[in-house]
Structure formats: structure tokens, C-alpha cells
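Inspection log for the structure reproduced underneath, given as C-alpha cells.
Just so you know, these numbers come straight off a predicted model, no measurement behind them. Sequence lines set the chain letters: A, B, ... in the order given, protein chains first and strands last, and positions in each chain run from 1. Values reported hereafter were calculated over all heavy atoms of this structure, with side chains retained and with hydrogens, waters and symmetry mates removed.
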Amino acid sequence: TVGCVALDKNGNLAAGTSTGGMTNKRWNRVGDSPIIGAGTYANNATCAVSATGHGEYFIRSVVAYDISALMEYKGLSLTEASDEVVMNKLVKMGGSGGVIAIDKAGNVAMPFNTKGMYRGYMKSSGEKLISIYKEE
Amino acid sequence: QENFALVIHGGAGTITRENLSPEKEKAYQAKLDEALQAGYDELEKGKSAMDAVEKAIQVMERSELFNSGIGAVFTHEGRNELDASMMDGKTLNAGAVAGVSHIKSPIEAARAVMEKSEHVLLAGKGAEEFARLKGLEMVDSSYFFTERRWNSLQRAIKRDSIELDHSDEAPKKSSMNYSVPEDYKFG
């Protein structure tokens, strides 16, 4: 699964996710990627999120929207909200994977509960990072 | 506002230094860099976040390294069934396609559903027919084929198991009931 979230010069957020699903799947199984709110969500008032992982858990946890909702209704920061969902709520359910997220201020979060996640970001400030492993 | 930024992912799973060769690691880093730059360039030119997201994802869809577009994994029947979605934070509009096998860029199709239909999620043959009508590029399903993913399917069929992304970086058995240890899941 691949995904991207962005904040443009006009302060608008967007999110996208694209995937091939999982090997050997049957019965027209659909994961979280095309489910708005589960694998993908964007709201200028809060954040944009794209997820990757075991889709069934992401659907049941409505992961992407949940991060936005925690920011909107509970006032959590992007990092607090995405950590709560990926590293706490999802783990308790047994779901593995991660998200990338960005808020309207350009803050970035990339939490994951697996051993690695291909990920990276670039900011207009010049800050740039590309990482794969957990310890990076 | 001149503050802009872009974030990407290429999948998660049991990805460790032990199961990823230095050559493969370099290849992943280079492709991630290319995707980031493609999206960033759009933002720098003043294009929308939607444009940037689409461009960055299309770079990864065209790479066999990731489970999307070329290099997508196979279903039990040996098909590629692709899913994609996009959402615009400004308008809260969204579009998605599920289970498509002949649309060259699923993320472009997802955006087309959002911008050129009154619907949010189109699936299977209907989604492909919609894409055709809207002039999106269609391809033979062989366009998505890679030997690496085909071999993954053969291993999975042999074990009667399912595999998520990046499983061949850590070839361990997974289970059909989803109640499996962390190491067996690859997103």
C-alpha cells in the first residue's frame, strides 16, 4: 500500500491511498484503502491521514477519521492523536500497521506499530527525511 | 501562506535490516525520494495538495517495489485487484475505486470518481466502465504483473495462507483467521 498526504500553499490538506490489497485474498475482499475514514481522510480543520496495514482492523477502528476526531473533539495534537490510535487503540485490538499524517500547520506524524514502514516527508522549511526501519 | 509539506508511505510490515538487502534498501530509498520530490515540486509550483498527492502516489504506482499499480499482489485467482481513494480536506469531497484490474492509475480513478461523479466509491466492472467513459488510460492486466508477486502467490497458495505487503522480505507463514503474531502481518 502506498499513500500520500499534503499541505499546499493555500493551507489546504489532501490525502490519498493506493493498494493491491493482500496476496491470495479471495471473495472480492476489500481492505481499508478505499474506505473513506478508515484508510484515508482529510479535513482542513484538523489533518490529512493515509494508512497502511491490516485493513480489517483499520476499518473496524475507523483509524483515519478517529485521528481527526480526537483532534477536533478532544483537542489532541496531531502526534498525540495518531499515537493514541496507532500505538494504543490499534495495538489493543491486535491490528498492525501505521499511518502518515499532516495537520494544517504542517506538523507531521508517521507512527507505526510494525518493525518498519517505508516513509518520508519534505517541508518547505527544507526539512526532509526518508526512513524505513523502526529505529530510524 | 508559504508553509507547505508532503508526507508519503510505501507500506508497513516486518521490514528489518536483516531481511532487506543493501541494494534493495537503496532502491526503496531512491524511489521514495523520487515520489517525495514529484509531489513537492507540485506544491512548490503552487499546485493544490490534491495534485501533489496524486503525483507522488503515481510515482509509487509505477514502481514494482510497492504493492500498488505495477507490482501489486495477486488474488487467489491470480488477478490484480487494485483499490485507491482520495479526499480533499478543503471541501470534504472524496472518491474511491475498489477491485479494479485494468485502470492504469487507480489513484487517478479515485480522483475522477470524486470530481466527475456524484458518488464516493465505485467498485469492479462499474468502476472500470466509469474510468473508460471519463477517458482514463486502461491497460491489460499483464501491465501489473511482476514475477516477485507471482511467486509470493504461489507460496501463499501452497501454505493456504494470505500475505500482505512486503511478505517476501520476511517469508513467514500467515493465517487465514487474522489472529496471528505481529511478525506475520504486512501492511
When clusters are formed by joining ILVMFWY residues with side-chain heavy atoms under 4.5 Å apart, either directly or through shared neighbours, do [X] and [Y] land in the same one?
| X | Y | result |
| --- | --- | --- |
| B:Phe66 | B:Phe144 | no |
| A:Val85 | A:Met71 | no |
| A:Ile100 | B:Met87 | no |
| B:Tyr143 | B:Leu136 | yes |
| A:Ile132 | A:Met122 | yes |

Return the minimal non-hydrogen interatomic distance between [X] and [Y], and the atom names on each side.
| X | Y | result |
| --- | --- | --- |
| A:Ile36 | B:Ser85 | CD1-CB, 3.9 Å |
| A:Ala6 | B:Ala52 | CB-CB, 4.3 Å |
| A:Gly16 | B:Ile107 | CA-CD1, 4.1 Å |
| A:Met22 | B:Val73 | C-CG2, 3.4 Å |
| B:Asp83 | A:Ser33 | CB-CB, 4.4 Å |
| B:Ala156 | A:Thr23 | CB-CG2, 4.0 Å |

For each of [options], tally heavy-atom pairs with chain A at distances under 4.5 Å, and name the one with the top tally.
| options | value |
| --- | --- |
| B:Asp88, B:Val100, B:Thr16 | B:Thr16 |
| B:Ala5, B:Gly46, B:Gly39 | B:Ala5 |
| B:Gly71, B:Ser48, B:Ala35 | B:Ser48 |
| B:Glu77, B:Arg79, B:Glu61, B:Lys31 | B:Glu61 |
| B:Ala49, B:Ala84, B:Ala110, B:Gly78 | B:Ala49 |
| B:Leu121, B:Asp51, B:Ile57, B:Leu82 | B:Ile57 |

From [X] atom [atom1] to [Y] atom [atom2], the distance as rounded to the nearest 0.5 Å:
| X | Y | atom1 | atom2 | result |
| --- | --- | --- | --- | --- |
| A:Ile102 | B:Phe4 | CD1 | CZ | 11.0 Å |
| B:Lys90 | A:Leu13 | NZ | CG | 12.0 Å |
| A:Asp8 | B:Lys45 | CG | NZ | 14.0 Å |
| A:Lys9 | B:Lys47 | NZ | NZ | 11.5 Å |
| A:Lys128 | B:Tyr40 | NZ | OH | 10.0 Å |
| A:Arg119 | B:Leu32 | CZ | CG | 10.0 Å |

(request) Could you go through the side-chain contact (heavy atoms from CB on, under 4.5 Å) check for A:Arg26 and B:Thr75 one step at a time? (result) CA-CA 6 Å; A:Arg26 304 177 81 169; B:Thr75 66; over 6 Å; no

(message) So for atom CD, which belongs to A:Glu84, do other residues, nucleotides or ligands contribute more than 12 heavy atoms lying within a distance under 6.0 Å?
(response)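 Counting neighbours around CD of A:Glu84, more than 12 heavy atoms of other residues, nucleotides or ligands fall under 6.0 Å, so yes.
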
(message) Counting only heavy atoms from other residues, nucleotides and ligands, does the tally under 6.0 Å from NZ of A:Lys123 exceed 12?
(response) yes

What part of [X] lies closer than 4.5 angstrom to a heavy atom of chain A: side chain, backbone, both or neither?
| X | value |
| --- | --- |
| B:Asn80 | neither |
| B:Leu36 | both |
| B:Ala56 | side chain |
| B:Gln37 | both |
| B:Arg111 | neither |
| B:Glu42 | neither |
| B:Val97 | backbone |

(request) For B:Asp33 and A:Ile130, indicate whether the former's side chain and the latter's backbone hold a donor-acceptor pair under 3.5 Å. (result)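 No: the side chain of B:Asp33 does not pair with the backbone of A:Ile130.
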
For each of [options], tally heavy-atom pairs with chain B at distances under 4.5 Å, and name the one with the top tally.
| options | answer |
| --- | --- |
| A:Ser131, A:Gly106, A:Ser125, A:Ser50 | A:Ser50 |
| A:Gly116, A:Ala14, A:Ser124 | A:Ser124 |
| A:Thr40, A:Val5, A:Leu129 | A:Val5 |

(request) Show your working on side-chain contact (heavy atoms from CB on, under 4.5 Å) between B:Asn3 and A:Leu7 and close with a plain yes or no. (result) CA-CA 8 Å; B:Asn3 179 30; A:Leu7 168 70; 4.1 Å; yes

(request) Give me the ring orientation class for B:Tyr28 and A:Tyr118: parallel if the planes are under 30° apart, tilted from 30 to 60°, perpendicular past 60°. (result) parallel

(message) Which atoms of A:Ala64 are under 4.5 Å from chain B, going by heavy atoms: the side chain, the backbone, both sets, or neither?
(response)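 Contact with chain B: none, neither part.
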
(message) What part of A:Glu135 gets within 4.5 angstrom of chain B, counting heavy atoms only: side chain, backbone, both, or neither?
(response)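 Side chain only.
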
(request) Go through the steps for A:Lys25 and B:Glu81 under the test salt bridge (Lys or Arg N to Asp or Glu O under 4.0 Å), then give the verdict. (result) CA-CA 9 Å; A:Lys25 75 183 177 102; B:Glu81 284 182 358; 2.7 Å; yes

(request) Could you please state which residues from residues 41-49 of chain A sit under 4.5 angstrom from chain B, measuring non-hydrogen atom to non-hydrogen atom, sorted by number, or 'none'? (result) A:Tyr41, A:Ala42, A:Asn43, A:Asn44

(message) side-chain contact (heavy atoms from CB on, under 4.5 Å) for B:His9 and A:Tyr121? Distances and angles first, verdict last.
(response) CA-CA 9 Å; B:His9 71 74; A:Tyr121 66 80; over 6 Å; no

(request) Consider only side-chain N and O atoms of A:Ser18 and B:Ser68, and report whether a donor and an acceptor are under 3.5 Å apart. (result)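 Per modelled atom types, A:Ser18 and B:Ser68 side chains form no pair under 3.5 Å.
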
(message) Does A:Thr114 form a side-chain contact (heavy atoms from CB on, under 4.5 Å) with B:Thr14? I'd like the steps, not just the answer.
(response) CA-CA 6 Å; A:Thr114 51; B:Thr14 307; over 6 Å; no

